[in-house]
Structure formats: C-alpha cells, structure tokens
Amino acid sequence: MMEKLSYMKSVKDFPLEMKPRTKVVALHCSGWNAKQWGSLRTVLGPDFDLVTPELYGCKTRGNWPGDRPFTLADETAETLEIIDASNTPVHLIGHSYGGALALHIAMARPEKIASLALYEPCAYHLLRQIGKDGEIGYAEIMELNNFVNARVAVGDYKAAMASFIDYWNGDNAWDSMRPEYQALMLRWAPKAPLEFYALMEESELLWAYAALKMPVLLLRGEYTPAPTEAIAKALAGILPNARLIDVSGAGHMGHVTHASDVHAAIMSHLAPHWLMPLRQSA
C-alpha cells in the first residue's frame with residue numbers, strides 16, 4: 001500500500017499515558033555514525049530506549065580486519081547481539097545501507113523484530129530480480145560502484161566521495177558539504193567497496209521476504225534515485241504488512257532535509273505496536 005505523506009503529528013499529540021514497551025534499534029547509513037539519529041532521539045524522548053550501533057568504518061567500531069570477504073552478516077553481528085539480549089522484540093529502523101542491514105537482521109531473527117521502519121533501503125541484490133525497473137537501477141548503481149571502487153583503489157578518495165555524495169544528494173552536493181562532513185566521508189572511503197560488495201552478494205530472494213509478518217514502514221523520497229525507488233516498490237509488493245509512504249520534496253537524505261515529516265511517520269508507525277494501553281477513565 002502506498003501513501004502520500006501530507007501531514008505530521010508532533011510527539012505532544014500522543015497521549016501522555018502511552019509508554020514504550022521495548023527497545024528501538026536504529027542503523028545509520030554509509031559514511032555516517034550514530035549521530036545520524038540525534039534528532040530522532042530528541043523526538044522519541046527519554047522514555048524511549050533508542051540504541052544506535054555504529055558500523056565498521058566508524059571510530060568506535062574500527063576498520064574491517066580484512067581476514068576474509070566482507071558480508072552483511074559480519075556487519076550485523078554486533079547488532080544481533082544487542083537484539084538477542086533484549087527480553088522483548090525490538091523495533092528496528094534503518095536508512096539506506098542501514099535499511100539493507102535491517103532487512104538482513106529481520107530475516108535472521110524474525111521473532112525478535114516487532115516492526116521495521118526503512119528509509120530507502122539499499123538492498124541492491126534485489127535489483128537483479130525485479131524486471132525492467134530493476135535492470136535500470138542495477139546499471140545505474142553499478143556505474144557508481146565501478147567509479148568509486150576505481151578511485152578508492154588508487155587513493156583518490158576525494159573523487160570517489162564527491163561522486164558518491166553527488167549521486168545521492170544532487171549535483172555539487174559534495175562542494176556544498178561542511179568540511180567536517182567531507183572529512184568524515186574521506187575517512188570512510190576505503191570501506192565503500194566493501195559495502196557495495198556485501199550488498200550485491202546478499203543471496204536472499206525477493207519472494208523470501210514474504211515470510212516477514214511484522215508491520216513494515218517503507219519511506220521513499222519523492223526524488224529518490226532509480227535503484228532505491230525500484231527496491232522500495234518491490235518490497236512494498238512482497239512484504240505482507242507493509243506501508244509505502246512517499247515523502248514529498250525529499251531525496252535520499254530525507255530524514256535530514258525533511259526530518260519532521262519522517263519522524264512523524266515513524267512515530268505514527270511505532271505508536272500502535274509500542275505503547276501501553278491507555279488508562280481507563282474513572
């Protein structure tokens with residue numbers, strides 16, 4: 001089911017009696033870190049137990065040791081430990097690369113996931129399974145992949161990251177970035193080929209995701225690139241309890257540029273599954 005996001009609610013619109021039951025785990029996108037979820041943490045408030053694991057390439061996690069080919073299972077191992085330690089199912093959120101990781105986790109531990117909220121998950125392996133739209137998206141993302149890999153291989157991290165950022169955010173986005181964010185991306189650059197490889201090598205077939213029965217919120221920017229547009233559409237068609245919402249005016253980084261709309265959609269998604277019953281009137 002696809003919807004157009006045309007209104008938002010603030011946290012104050014939800015009754016004070018609503019109380020969270022379980023953890024929320026949020027997985028960040030490529031090149032960023034747990035700070036990506038700072039504004040979401042503020043929206044959720046102190047009653048929500050938001051856990052934001054950092055991925056390989058972040059300072060707190062360190063670099064991939066390089067002793068074998070990198071996989072999504074390697075990336076998600078620490079997050080799975082967090083989820084397995086929870087006494088109740090968790091609500092899992094992911095953006096971009098983090099969205100693909102969330103799907104991988106949901107398939108590995110479906111009984112531990114209360115709900116999924118995914119903003120443009122980069123499940124690139126699906127592109128080869130979803131017809132003409134997938135073929136177009138696959139060709140587009142492979143062109144980017146090949147360029148980034150080639151530039152990283154010779155140490156030209158700046159050219160690699162400028163291409164990467166401009167692809168996902170529009171022309172001249174790299175030049176418009178603050179220096180500290182450019183530095184963050186340059187530090188992450190050597191990991192880019194590993195993520196592309198792991199995403200492409202994921203072996204799950206599209207039809208297998210029909211086994212995920214939990215509520216799923218799929219968010220897609222109005223100006224999403226071809227690969228993520230096709231992936232979101234395909235997942236919405238196969239996941240049995242999914243809602244697809246297009247965020248008006250947003251692109252791939254809509255959780256930043258249109259944060260209030262994205263947060264409102266996530267809050268509305270979480271509320272029915274998260275919150276304790278309301279107190280009865282006397």
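Because the structure is predicted, anything quoted here is derived from the model rather than measured.
- Proximity of L118 to L219: side-chain heavy atoms (C-beta onward) are nowhere separated by under 4.5 Å.
- Residues K233 and E229 are not paired through a salt bridge, judged by the lack of any N-O separation under 4.0 Å between the basic side chain and the carboxylate.
- Taking CG from N63 and CG from L194, the interatomic distance works out to 9.5 Å, rounded to the nearest 0.5 Å.
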| request: Check the pair L44, L270 against side chain to side chain contact (heavy atoms under 4.5 Å, CB included), reporting the backbone distance first and the verdict last. | output: CA-CA 10 Å; L44 291 176; L270 290 178; 4.1 Å; yes

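- Residues L206 and Q129 come closest through the heavy atom pair N-OE1, 2.7 Å.
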| task | Show the numbers, then the answer: is there a side chain to side chain contact (heavy atoms under 4.5 Å, CB included) between N145 and Y197? | result | CA-CA 9 Å; N145 175 22; Y197 174 79; over 6 Å; no

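- Once rounded to the nearest 0.5 Å, the distance linking CD1 of I93 with CG of L50 reads 7.0 Å.
- Side-chain contact between M177 and I165 is present, with at least one heavy-atom pair separated by less than 4.5 Å.
- Side-chain contact check for E204 and H125: no donor-acceptor pair (N or O, by modelled atom type) lies under 3.5 Å.
- W64 places a side-chain N or O within 3.5 Å of a backbone atom of R68 that can act as its donor or acceptor partner.
- For E143, the CD atom counts as loosely surrounded, since its 6.0 Å shell holds 12 or fewer non-hydrogen atoms of other residues, nucleotides or ligands.
- Contacts of E140 classified as side chain to side chain donor-acceptor pair (under 3.5 Å), with partners at least two apart in sequence or in another chain: Y167.
- Using a 4.5 Å cut-off on side-chain heavy atoms (C-beta onward), L101 and T79 make no contact.
- D166 contributes no side-chain N or O that, together with a main-chain N or O of S163, makes up a donor-acceptor pair within less than 3.5 Å.
- In terms of modelled atom types and a separation under 3.5 Å, the side chain of S86 and the main chain of I82 share no donor-acceptor contact.
- The minimum heavy-atom distance linking G254 with V262 is given by the pair O-CG2, 3.6 Å.
- Pairing each heavy atom of L218 with each of A236, the nearest pair is CD1-N, 3.5 Å.
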| message | T228 vs I141, test: side chain to side chain contact (heavy atoms under 4.5 Å, CB included). Steps then yes/no. | response | CA-CA 10 Å; T228 41; I141 204 62; over 6 Å; no

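- Listed for the R220 side chain is no donor-acceptor partner under 3.5 Å among the backbone atoms of I231.
- Among all heavy-atom pairs drawn from L199 and A100, the shortest one is CD2-CB, 3.5 Å.
- When side chains are defined from C-beta on, Y124 does not count as touching E202, because their heavy atoms never get closer than 4.5 Å.
- Between the S96 side chain and the G98 main chain, no donor and acceptor come within less than 3.5 Å of each other.
- In this structure, D74 contributes its side chain and F70 its backbone to no donor-acceptor pair below 3.5 Å.
- Relative ring orientation between H255 and W37 is described as tilted, the plane-to-plane angle lying within the 30° to 60° band.
- Separating the OG1 atom in T76 from the NE2 atom in H104 is a distance of 4.0 Å, to the nearest 0.5 Å.
- Ring orientation note: the planes of F164 and F196 are nearly perpendicular, at an angle over 60° on the 30°/60° scale.
- In this structure, H252 and H95 have tilted ring planes: the angle between them lies in the 30° to 60° band.
- Scanning both residues, P89 and A114, for their nearest heavy atoms gives CB-N, 3.8 Å.
- Between C122 and W168, some side-chain heavy-atom pair lies under the 4.5 Å cut-off.
- A donor-acceptor contact shorter than 3.5 Å links the side chain of E222 to the backbone of G249.
- In this structure the side chain of L217 reaches within 4.5 angstrom of the side chain of I245, judged on heavy atoms.
- Note on Y138: it does not cluster hydrophobically with F147, by side-chain heavy-atom contacts below 4.5 Å among ILVMFWY residues.
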| How far apart are the C-alpha atoms of D84 and K112, what are their side-chain angles, what is the distance that settles it, and do they pass the salt bridge (Lys or Arg N to Asp or Glu O under 4.0 Å) test? | CA-CA 7 Å; D84 287 341; K112 297 289 288 185; 5.5 Å; no

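- In this structure, N241 and M214 have side chains that are not in contact, with every pair of non-hydrogen atoms separated by 4.5 Å or more.
- Of the possible donor and acceptor atoms, one in the side chain of S268 sits under 3.5 Å from a partner among the backbone N and O of A264.
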| Derivation of the side chain to side chain contact (heavy atoms under 4.5 Å, CB included) call for L116 and L239 | CA-CA 11 Å; L116 287 169; L239 290 165; 5.8 Å; no

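- Judged by distance alone, with hydrogens and angles left aside, the side-chain atoms of E54 form a donor-acceptor pair with the main-chain N or O of A34 at under 3.5 Å.
- In terms of modelled atom types and a separation under 3.5 Å, the side chain of K158 and the main chain of G155 share no donor-acceptor contact.
- M200 and L55 end up in the same hydrophobic cluster when Ile, Leu, Val, Met, Phe, Trp and Tyr side chains are linked at under 4.5 Å.
- For the 3.5 Å distance criterion, the side chains of E195 and W188 qualify, holding a donor opposite an acceptor.
- Hydrophobic cluster membership differs between Y119 and Y223, with clusters built from Ile, Leu, Val, Met, Phe, Trp and Tyr side chains linked at under 4.5 angstrom.
- Rounding to the nearest 0.5 angstrom, the gap separating the NE2 atom in H269 from the NE2 atom in H263 is 14.0 Å.
- Atom CG in L92 sits 5.0 Å away from atom CD1 in I83 (nearest 0.5 Å).
- The NE2 atom of H28 lies 8.0 Å from the OG1 atom of T52; values are rounded to the nearest 0.5 Å.
- Annotation: side chain of L103 is in contact with side chain of L235 (closest heavy-atom distance under 4.5 Å).
- Both cation-pi conditions hold for R61 and Y56: the charged atom is under 6.0 angstrom from the six-membered ring centre and inside a 45 degree cone around its axis.
- The two residues Q36 and C29 make their nearest non-hydrogen contact at OE1-N, 2.8 Å.
- For the pair E75 and K191, the salt-bridge criterion is met [side-chain N within less than 4.0 Å of a carboxylate O].
- The hydrophobic cluster containing L205 does not contain I130, counting ILVMFWY residues as joined when their side-chain heavy atoms lie under 4.5 angstrom apart, directly or transitively.
- More than 12 heavy atoms of other residues, nucleotides or ligands sit less than 6.0 Å from atom CG of D67.
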